[in-house]
Asks: 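Dumping the structure here so I can ask a few things about it.
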Amino acid sequence: MQYLVLAPPVLPPSEPPSGAFALAAGLAGHGREVALLDLSLAFFERVFGSSKMASSAARELAYLRSTIGYEPGRHRTATGLLHKSLSDWGGDHPGWRLTLMDIEGPALAHDPVGLAKAMAKGSSPFAGLWEEVLDPLLDANRQAQVLVSLAYLSQVPATIELIAHLRHRGRRFFVGGSLPTSLAATGHGLEVLQSVLGPLELGDGSTLLDPGERLLDKLAYPHVIPPSAYFTSRPIVPVPLSTGCPWSRCLFCPDRGAPYTAVPMGAIENLLSTIPSEVLARHPVLHLTDSALPPQQLEGLLPLCEPSGLSFYGFARPTKALLRNDLVERAALAGCLMLQLGVESGSASLLARYEKGIDPAEARQVVRRAAQSGIRTYLYMLFGLPAETGEDRHATLDLLVQEADHVDFLNLSLFNLPRFCELAERAHEHDIRTGDYPMTGGIRLYTPFVTSHGNPRREARQFLAAHFRTHPKIRAAVLRTPRWLRPAHLGLMKLPGRSNLC
Ligand code: SF4
């Protein structure tokens with residue numbers, strides 16, 4: 001083995017981590033011998049397998065791993081009970097709080113220096129994991145270069161400990177991934193993270209290849225070392241159809257203007273054709289990992305999915321490009337289980353102000369036609385934009401009420417202002433006054449803000465509390481949307497009027 005890609009805990013145990021998988025798939029596509037080990041899944045397996053939790057968790061895990069077509073209420077019970085077990089786990093690990101997607105340690109992950117100091121003083125919940133799961137692999141593959149993929153802040157505590165272990169073992173390793181890459185591009189605190197983790201690699205991993213080669217130009221299904229089965233009834237395969245965003249103009253997007261690149265369809269075809277037969281036999285679902293699915297790339301994917309019976313889901317901008325030539329309907333026939341749709345607001349003027357390129361009337365058509373074709377719809381709504389008024393919020397509420405029969409799941413989020421983006425740069429023009437969080441010297445991706453009218457996030461929070469959780473037409477979608485293990489599980493929910501699952 002030439003490369004061993006490691007994904008440190010904590011990541012949702014429902015699917016392979018997309019960044020680490022893309023790295024491994026790109027290296028495999030370029031003919032490198034590579035294996036991927038999801039240490040996060042191994043960590044959850046240990047947590048739930050501990051004698052205290054085993055009996056209570058086993059039944060719920062069996063449900064999540066084996067049921068084709070989750071029933072929303074039963075799913076809520078299963079994830080709720082697992083979450084409760086994790087709260088109990090916290091009792092045995094003072095200073096730590098674990099959920100199905102995150103971990104908080106004795107100090108904030110935003111403050112890696114403080115976290116490293118605090119962790120050095122106490123015992124860690126990862127103790128023994130590396131020796132048990134990783135060391136046998138390291139011993140068996142002494143020449144393999146170790147690549148640690150760091151995508152989220154939730155992985156920082158374990159990464160601190162993992163690299164200490166690798167150093168102790170005298171292994172050469174590289175740490176990179178989307179967290180350091182985005183901190184370098186648009187965040188603050190890369191140097192703080194580096195002071196704890198050592199040098200960090202930026203970019204997508206193409207530097208591991210020969211000059212001029214690009215990682216995602218050739219893809220193949222990598223060797224995935226299974227510490228256990230994911231907590232999902234069908235295997236999820238992360239597939240990037242593109243990098244960057246085909247729109248790339250939203251004023252508050254930190255990636256505005258970043259280059260967009262379509263992954264060659266030949267690479268996708270090779271990735272799909274190399275899915276191992278034992279994975280294919282379990283009817284895998286492709287998770288299209290694009291920031292926003294490019295309609296042309298989606299067109300290219302459909303003929304690859306239909307004959308092989310592959311299903312898929314992904315995030316798309318709800319624009320008329322999805323309606324042209326019945327793309328939505330054809331996607332449904334080709335196996336699209338769910339579309340995550342960035343509808344964001346019911347106010348056309350608000351969306352135009354931030355150059356979102358979304359028209360609520362068009363977005364409604366996409367939602368309706370997707371649902372009528374049997375595609376589950378998961379709407380992402382954004383509240384608390386600086387210029388949002390009460391009227392705008394009511395327009396959003398009206399949109400959701402009118403489309404209630406076509407809205408399956410809801411993500412209601414409050415706007416965070418990225419620290420570095422066009423909108424932050426033009427704050428005065430947009431009546432925005434930025435501030436700072438009390439902590440100094442740490443990782444910061446966002447900046448607090450107010451406007452001359454007040455605090456839009458606070459107003460939006462009050463509006464959501466007053467209108468959303470209780471509105472009879474919207475409450476059903478809110479209740480249907482589980483708190484944990486989404487979106488991987490949402491495409492696998494059994495819902496009347498939506499596609500059957502087999
Ligand atoms: S659609 Fe999303 S990824 Fe694309 S520019 Fe807008 S916010 Fe950024």
Side-chain angles (χ1 to χ4, degrees), residues 18-19 22 151-152 178-179 181-187 204 216 238-263 287-298 313-323 327-328 338-367 370 377-388 392 396 410-427 430 432 445-447 449 456-457 460 487:
S18 56
Y152 297 99
S178 55
L179 179 63
T181 302
S182 21
L183 282 179
T186 56
D204 67 355
L216 300 184
V239 177
L241 297 182
S242 65
T243 56
C245 166
W247 174 249
S248 199
R249 283 184 236 168
C250 303
L251 278 190
F252 50 76
C253 180
D255 297 329
R256 178 183 151 103
Y260 162 76
T261 311
V263 174
H287 171 191
L288 307 177
T289 56
D290 310 67
S291 314
L293 273 178
Q296 264 190 332
Q297 289 292 89
L298 183 57
Y313 68 89
F315 188 94
R317 288 165 42 76
T319 66
K320 58 175 178 264
L322 283 181
L323 303 176
L327 181 53
V328 160
M338 178 176 73
L339 281 175
Q340 297 152 259
L341 295 164
V343 174
E344 303 206 351
S345 172
S347 163
S349 58
L350 189 70
L351 292 171
R353 182 181 180 113
Y354 298 110
E355 299 186 25
K356 291 298 299 176
I358 305 268
D359 170 31
E362 254 175 40
R364 284 178 61 167
Q365 278 188 56
V366 174
V367 172
T377 60
Y378 180 17
L379 269 59
Y380 285 59
M381 310 305 294
L382 185 60
F383 294 84
L385 281 160
E388 187 180 64
D392 294 326
T396 305
L410 271 178
N411 183 313
L412 306 172
S413 58
L414 289 178
F415 174 70
N416 279 311
L417 178 62
R419 203 172 166 78
F420 296 102
C421 65
E422 177 102 10
L423 187 59
E425 273 169 35
R426 291 162 52 189
H430 286 270
I432 295 170
L445 294 165
Y446 302 104
T447 188
F449 72 94
R457 280 172 52 92

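First listed ligand is number 1; within each ligand, the first listed atom is number 1. Note that the structure is a prediction, hence the values are computed from the model and not measured.
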Asks: Look up atom 2 (Fe) of ligand 1 and tell me if a protein heavy atom lies less than 4.0 Å from it?
Replies: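 When distances to the protein are checked, atom 2 (Fe) of ligand 1 has no heavy atom within 4.0 Å.
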
Asks: Any donor and acceptor pair, going by atom type alone, linking the side chain of Ser347 with main-chain N or O of Asp392 inside 3.5 Å?
Replies: no

Asks: Who are the side chain to side chain contact (heavy atoms under 4.5 Å, CB included) partners of Tyr446, not counting sequence neighbours?
Replies: Asn416, Pro418, Tyr437

Asks: Can you find a side-chain donor-acceptor pair between Tyr380 and Gln340 that sits under 3.5 Å?
Replies: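 There is such a pair between these side chains.
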
Asks: Ignoring waters, how many protein N/O/S atoms are under 2.8 Å from atom 6 (Fe) of ligand 1?
Replies: 1

Asks: Checking Asp204 now: which residues fulfil side chain to side chain contact (heavy atoms under 4.5 Å, CB included) with it, not counting sequence neighbours?
Replies: Ser206, Leu215

Asks: With a cut-off of 3.5 Å and sequence neighbours excluded, list every side-chain donor-acceptor pair involving residues 351-361.
Replies:
{"unit_1": "Tyr354", "atom_1": "OH", "unit_2": "Ala387", "atom_2": "N", "d": "3.0"}
{"unit_1": "Glu355", "atom_1": "OE1", "unit_2": "Arg256", "atom_2": "NH1", "d": "3.4"}
{"unit_1": "Lys356", "atom_1": "NZ", "unit_2": "Glu344", "atom_2": "OE1", "d": "3.2"}
{"unit_1": "Lys356", "atom_1": "NZ", "unit_2": "Glu344", "atom_2": "OE2", "d": "3.3"}
{"unit_1": "Asp359", "atom_1": "OD1", "unit_2": "Ala361", "atom_2": "N", "d": "3.4"}

Asks: What do you reckon, are the aromatic ring centroids of Phe415 and Phe383 less than 6.0 Å apart?
Replies: no

